[in-house]
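These notes are about the structure you will find just below.
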Amino acid sequence: MWPQTGKAANRNEPMRVPDVNVISGAPAEKAPLQGERGRPLVIRVGKHLRGVFDAVISRSSLIANDPVLNVRDFEWTAMLRENWEAIRDEAVAATLVGRDAPSLASISPDHRAIAPMNRWRSYFLWGYGYGIDENIAQCPVTASVVKRIPGLNSAFFSILSPGTHIPPHRGVTKGLITCHLGLIVPRDGDVRMRVKDRVVRWSEGETLVFDDTYDHEVWNDTASTRVVLLIQVKRPLRNPGRWVAEKFLSIVRRSAFVQEARDNVLSWNAAMKEMDI
């Protein structure tokens, strides 16, 4: 259990949650998992071509192409482990005390096929290089650590409700590597992730690094909430893979995949601010 200090002492306050309608097109509570129809052409074409891009990136990788990677190959993970308790306390204060982080299904249309509404929540600090200034200000220790990570792409608190299953899916590009820092890991059941044919489990204060372009899925078979800090960084590459990865990421960064999610996070924050008035 985390220390009951500061904001965390007010754990019994009712959650403040804006009406879901502040985000246009957000699915209803308990809506079936279904991909958003009519997505922009660049997103649909990109999904078909990413296998070709990933093959080039894989051959140019300066690190292993394994599903689960060795944390010792990423020196910056030590910073996360050394500061994990302060990061955990900021995650609790920002997302679990008196307010709630937005559902990933509401802010990201492209995740609605895998993210149950109000079961998988995300509190973004950075997304594809775009900082969310208000959220960064709420988490100064986390931000100061994360800003020092080389090749940072995204950073957010990933919050999984009790009894949630995230079905099999894969990430956007092999040009990115994903790291999880365990912050709150329930012990009253089994909370785990399968990455290809490996099953891994989180530990509080420990890091897990993996390639999310391999098929993976997540279970929280407990009665408690699981929280991790999710970091995405650029994969170390030589050319031509580095050039391909940079070009692909630049397209993704400008696409509706990122821009709509960014706008929706800002809309959520604006609604939260209105509730504070």
Side-chain angles (χ1 to χ4, degrees), residues 1-8 11 66-97 100-101 104 114-115 119-127 135 138-149 152-166 169 171 176-196 198-212 214 216-233:
M1 183 62 67
W2 55 85
Q4 296 297 305
T5 58
K7 286 188 176 182
R11 188 73 174 88
D66 299 331
V68 180
L69 299 165
N70 191 334
V71 295
R72 295 185 181 89
D73 292 336
F74 304 89
E75 293 183 2
W76 49 265
T77 61
M79 294 190 299
L80 299 175
R81 295 189 294 272
E82 290 164 2
N83 292 278
W84 84 272
E85 291 177 307
I87 294 171
R88 175 202 58 197
D89 292 348
E90 289 186 343
V92 169
T95 69
L96 298 179
V97 178
D100 214 346
L104 185 59
I114 62 168
R119 309 294 294 173
W120 182 8
R121 298 181 179 275
S122 300
Y123 186 87
F124 276 85
L125 303 177
W126 281 272
N135 293 359
Q138 290 292 319
C139 305
V141 174
T142 306
S144 67
V145 173
V146 168
K147 281 192 293 188
R148 294 162 57 194
I149 296 175
L152 178 68
N153 180 72
S154 299
F156 59 94
F157 297 123
S158 177
I159 304 141
L160 205 62
S161 296
T164 299
H165 172 228
I166 305 301
H169 60 287
L176 296 174
I177 294 295
T178 301
C179 172
H180 286 179
L181 170 67
L183 300 177
I184 301 175
V185 181
R187 300 178 182 177
D188 59 338
D190 192 15
V191 55
R192 66 197 182 280
M193 175 171 61
R194 177 189 60 80
V195 186
K196 197 179 179 183
R198 288 269 314 265
V199 174
V200 295
R201 290 171 173 82
W202 298 273
S203 295
E204 293 181 358
E206 296 298 327
T207 46
L208 170 68
V209 182
F210 65 101
D211 179 344
D212 77 352
Y214 287 98
H216 60 288
E217 62 183 315
V218 179
W219 297 263
N220 181 4
D221 293 333
T222 77
S224 304
T225 299
R226 184 229 63 179
V227 182
V228 302
L229 173 64
L230 190 154
I231 303 288
Q232 282 193 324
V233 299

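- Scanning both residues, I184 and R88, for their nearest heavy atoms gives CG1-CG, 4.3 Å.
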Stepwise side-chain contact (heavy atoms from CB on, under 4.5 Å) test for H216 and H169 = CA-CA 6 Å; H216 60 288; H169 60 287; 3.1 Å; yes
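- Between P186 and N220, the shortest heavy-atom contact is CG-OD1, 4.3 Å.
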Legend entry - Worked check of side-chain contact (heavy atoms from CB on, under 4.5 Å) between I231 and V146: CA-CA 8 Å; I231 303 288; V146 168; 3.9 Å; yes
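- With rounding to the nearest 0.5 angstrom, the CG atom of L125 is 11.0 Å from the CG atom of L230.
- Residues F210 and R198 form no side-chain contact, since every pair of their non-hydrogen atoms from C-beta on lies 4.5 Å or further apart.
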Report the C-alpha separation of W120 and V218 in whole Å, then their side-chain angles, then the decisive distance to 0.1 Å, and conclude whether the side-chain contact (heavy atoms from CB on, under 4.5 Å) test is met. CA-CA 11 Å; W120 182 8; V218 179; over 6 Å; no
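- Here the side chain of E217 pairs no donor or acceptor atom with the backbone of R194 at under 3.5 angstrom.
- Remark: the S161 side chain and the R119 side chain contain no N/O donor-acceptor pair separated by less than 3.5 Å.
- A heavy-atom distance below 4.5 Å is found between the side chains of E90 and P140.
- Across all non-hydrogen atoms, the minimal contact from M79 to N83 is O-ND2, 2.8 Å.
- The two residues A86 and V141 come nearest to each other via the heavy atoms CB-CG1, 3.7 Å.
- You'll find the side chain of E206 stays beyond 4.5 Å of the side chain of W84, heavy atoms only.
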List the steps and the verdict of side-chain contact (heavy atoms from CB on, under 4.5 Å) for L208 and W202. CA-CA 7 Å; L208 170 68; W202 298 273; 4.1 Å; yes
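- Taken from CG in D100 to OG1 in T95, the straight-line distance is 7.5 Å, to the nearest 0.5 Å.
- When each of R226, H180, R121 is checked for a side-chain hydrogen bond (donor to acceptor under 3.5 Å, both in side chains) with S158, only R226 meets the rule.
- The heavy-atom pair separating A94 from C139 by the smallest distance is CB-SG, 4.0 Å.
- Under the ring-ring contact (aromatic ring centres under 6.0 Å, His included) criterion, Y123 pairs with no residue, sequence neighbours left out.
- In this structure, the separation between CD1 on I159 and OG1 on T164 is 12.0 Å, given to the nearest 0.5 Å.
- To the nearest 0.5 Å, atoms NZ (K147) and CG (L152) are separated by 11.0 Å.
- Shown are T77, V233, T178; of these, the side-chain contact (heavy atoms from CB on, under 4.5 Å) with V209 is made only by T77.
- With contacts defined as side-chain heavy-atom distances shorter than 4.5 Å, the pair T142/F157 qualifies.
- Atom CG of D221 sits about 8.5 Å away from atom NE2 of H165, to the nearest 0.5 Å.
- Distance CG/L80 to CD1/I149: 4.5 Å, rounded to 0.5 Å.
- Not one N or O on the side chain of S122 forms a donor-acceptor pair closer than 3.5 Å with the backbone of F124.
- Scanning all heavy atoms of the two residues, the minimum distance from V227 to A91 falls at CG1-CB, 4.4 Å.
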